[in-house]
Amino acid sequence: MLDIQFIRDNADVVQEKSKQKGYDVNIADLLKLDAERRELTGKIEALRAERNQLADALKGGNPSQEQIERGREVKQQVADAEALWEPVNDSFLTLLKRVPNMPLDDVPVGASEDDNVVSKQWGDRPQFDFEVKNHADIAEARGWLDKERGAKIAGSRFVYLKGDLVLLEFALWQFAFSKLTDEAVLGQIIRDNNLDVSSKPFTPVLPPAVAKKAVFEATGRLNKEEQTYKLEDEDLWLNASAEHTIAPMYLGEILAEEDFPLRYIGYTTAFRREAGTYGKDMEGIIRLHQFNKLEMESFNLPEHSLQEHFFMVAIQEYLMQQLGLPYQVLTKCTADIGGPNARGVDIEAWLPGQGKYRETHTADYITDYQARRMQTKVRRRDGSVELVHTNDATAFSQRPLAAILENYQNADGSVRVPDALQPYIGGKTII
RNA sequence: GGAGAGGUGACCGAGUGGUUGAAGGUAGCAGUCUUGAAAACUGCCGUGCCGGCAACGGUACCGAGGGUUCAAAUCCCUCCCUCUCCGCCA
């Protein structure tokens, strides 16, 4: 959520930029509620001050009947004032939370994902002298993907992944873990991209796969009920990304400046209901209800967070380059970056079997928007306290597996293993 | 699942109705001393919101939410969590 003081001081900008992101919020209404809330707060605090003074005067004990009567009277007045304040406060908070983060100036203004800007393309698309297949056909032919039995057990969009594809997936995780925990590798990425960030390695983490509703709400990620699975009879929701359970790790905490940046590389199985997307992107493993993902999440000092964002994108590119997968980088437009984001980048891998680029990575630049609700702060060396910045980005999901199958396919239906993954799959060169 | 103990500031830890926003200690910051450092000593040292240029004032917060009372960290209720022992189990 945004700082209300910032909204008061920049009402026009906030209104305009919210509109650019496609958010229908009325800043004038919000400020009216804000003023009303402040006025009522003032009244309540004045009454409380009176109550406290009264109690203070009676500290010795033995209050007179008259004093007790007066105390009751003030108490009732406080209660009445609070009853007026509460609905105003609720409306105020509801509206405030609805105001999206402000996009940076370099974010293209757009109305839909069609207005995202391709900022870079890398790699040569492979040429084939046979009819290329998509990853689903390749995988099903090899017995690596069983959708029918997955559906029998758990419903559509749940699958069995089997055989060498499973080994390839774990090779992908191991590959990423080993690079992101290697300070020398990170240092090289930083130098190659002229970045000004720490080379502190990422800490691997296996977070809880579920969280309480209040925690999900605090992350500001709108995990609407139609998108998120809930456990029956429990106040627990299944995560839709490791980010959802790693970001709130320091909920309500004040961290020491010298510990920054705090970098995590977390693995979870994620669950998404994907309501409203049936018939869209259904092939293979592209949009399943259950998938595995390795996610980068870091907590940063405000002055370092933008560089950290670029660093995460650079890491994503490095990983894709190591795999030899052609990709393009998208600077997402205002309509597509999402409410909490000030900037967003997608990476799309080339899928020859489909003849198009498909999203495999996202990088989110969130400033303090998420930290404000989570109340995750840093105590600076001078003793002052301020909100941290959070950054997150995909390291790998399972989608790059689809890209590997399609880009590295052979005429006989086998698949060459990218050089970078071979050490992590027992030295195999072909599966 | 059963029995018991407990959740207080960055950390440890006092505090069972009013003079406690909270003793004491650690860490941190500033200083004295020292060639320098350490030690010792002195002072400062929670967060949010409202008002104020500021000094400061008001208010809220002692796991969360309710309640009792003129007055709650302290009493009552519900929930969450942690620890110990027993049971069960990957």
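Chain letters run A, B, ... following the sequence lines, proteins first and then strands; every chain starts at 1.
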* Over how many whole Å does the gap from A:Glu258 atom CD to B:rA27 atom C1' extend? -> 10 Å
* Watson-Crick or G-U wobble partner of B:rG1, both distances under 3.5 Å -> B:rC86
* Asked: Which whole number of Å gives the distance between the C1' atom of B:rA23 and that of B:rG46?
  -> 16 Å
* Asked: Say you pick atom C1' in B:rG51 and the same atom in B:rC29; how far apart are they, in whole Å?
  -> 29 Å
Distances for protein N/O vs nucleotides 49-52 of chain B N/O pairs under 3.5 angstrom?
{"unit_1": "B:rC50", "atom_1": "OP1", "unit_2": "A:Arg8", "atom_2": "NH1", "d": "3.1"}
{"unit_1": "B:rC50", "atom_1": "OP1", "unit_2": "A:Arg8", "atom_2": "NH2", "d": "3.2"}
{"unit_1": "B:rG51", "atom_1": "OP1", "unit_2": "A:Arg38", "atom_2": "NH1", "d": "2.8"}

* Asked: Between A:Ile254 (CD1) and B:rC11 (P), how many Å, whole number?
  -> 9 Å
* Asked: Using purine N1 to pyrimidine N3 plus N6-O4 or O6-N4 for Watson-Crick, or N1-O2 and O6-N3 for G-U wobble, each under 3.5 Å, what pairs with B:rC53?
  -> none
* Salt bridge or not for A:Lys377 and A:Glu386, using N-O below 4.0 Å? -> no
* Asked: Quantified in whole Å, what is the C1' atom distance between nucleotide B:rG57 and nucleotide B:rA5?
  -> 43 Å
* So what's B:rA73 paired with, Watson-Crick or G-U wobble, going by both distances under 3.5 Å? -> none
* Asked: Under 4.0 Å between a side-chain N/O of A:Asn52 and OP1 or OP2 of B:rA60, yes or no?
  -> yes
* **Separation of B:rC80 C1' from A:Lys213 NZ (nearest whole Å)** => 17 Å
* Could you state the CG-P distance from A:Leu40 to B:rU59, rounded to the nearest angstrom? -> 18 Å
* Scan side-chain atoms only and decide if A:Asn101 and A:Thr367 contain a donor-acceptor pair under the 3.5 Å cut-off. => yes
* A:Asn89 CG - B:rG48 C1' separation (whole Å) -> 13 Å
* **Pairing nucleotide - B:rG9, Watson-Crick or G-U, each distance under 3.5 Å** => none
* When you compare B:rU42 with B:rC33, how far apart are their C1' atoms, in angstrom units rounded to a whole number? -> 11 Å
* Asked: Under 3.5 Å, is there a donor-acceptor pair between the A:Thr390 and A:Tyr369 side chains?
  -> no
* To do: Compare the minimum distances between each of B:rA71, B:rG46, B:rU59 and the side chain of A:Arg379, then state the nucleotide with the smallest one.
  => B:rG46
* Look through every strand shown and name the nucleotide pairing with B:rU32 as Watson-Crick or G-U wobble, where both distances are under 3.5 Å. => B:rA40
* Could you check whether A:Ala49 gets within reach of a base, just the sugar-phosphate, or nothing at all, counting any heavy atom under 4.0 Å? => sugar-phosphate
* **Pair A:Glu140-A:Trp144, side-chain hydrogen bond (donor to acceptor under 3.5 Å, both in side chains): steps then yes or no** => CA-CA 6 Å; A:Glu140 281 178 27; A:Trp144 292 340; over 6 Å; no
* B:rG65 to B:rA72 separation - C1' atoms, rounded to the nearest Å -> 15 Å
* Partner nucleotide, any strand, of B:rC62 [Watson-Crick/G-U, under 3.5 Å] -> none
* Structure fact -> From NZ of A:Lys377 across to P of B:rG46 the rounded distance in Å is 14 Å
* Establish, from distance only, whether the side-chain atoms of A:Glu243 and A:Gln370 form a donor-acceptor pair under 3.5 Å. => yes
* Structure fact -> Note: for A:Val385 and A:Lys212 on RNA chain B, the residue whose nearest nucleotide lies more 5' is A:Val385
* **Atom C1', compared across B:rU74 and B:rU8: separation rounded to whole Å** => 11 Å
* To do: Can you tell me, in whole Å, how much space there is between the P of B:rG48 and that of B:rA55?
  => 15 Å
* To do: Indicate whether any N or O donor in one side chain lies under 3.5 Å from an N or O acceptor in the other, for A:Glu406 and A:Asn134.
  => no
* Asked: Over how many whole Å does the gap from A:Arg380 atom CZ to B:rG46 atom C1' extend?
  -> 18 Å
* Classify the angle between the aromatic ring planes of A:Phe158 and A:Tyr229 as parallel (below 30°), tilted (30 to 60°) or perpendicular (above 60°). => tilted
* To do: Over 60° means perpendicular and under 30° means parallel, so classify the ring planes of A:Tyr250 and A:Tyr264, tilted if in between.
  => tilted
* **NZ or CZ of A:Arg263 within 45° of A:Phe202 ring axis and under 6.0 Å** => yes
* Of A:Ile68 and A:Ile44, whose nearest nucleotide on RNA chain B comes first from the 5' end? -> A:Ile44
* To do: Classify the nucleic acid contact of A:Arg51 as base, sugar-phosphate or nothing, counting any heavy atom under 4.0 Å across all strands shown.
  => sugar-phosphate
* Determine: side-chain N/O of A:Arg72 to OP1/OP2 of B:rC70, distance under 4.0 Å, yes or no. => yes
* Interatomic distance at P, B:rU68 relative to B:rG28, whole Å -> 47 Å
* Value in whole Å for how far the C1' atom of B:rG58 lies from CZ of A:Arg48 -> 11 Å
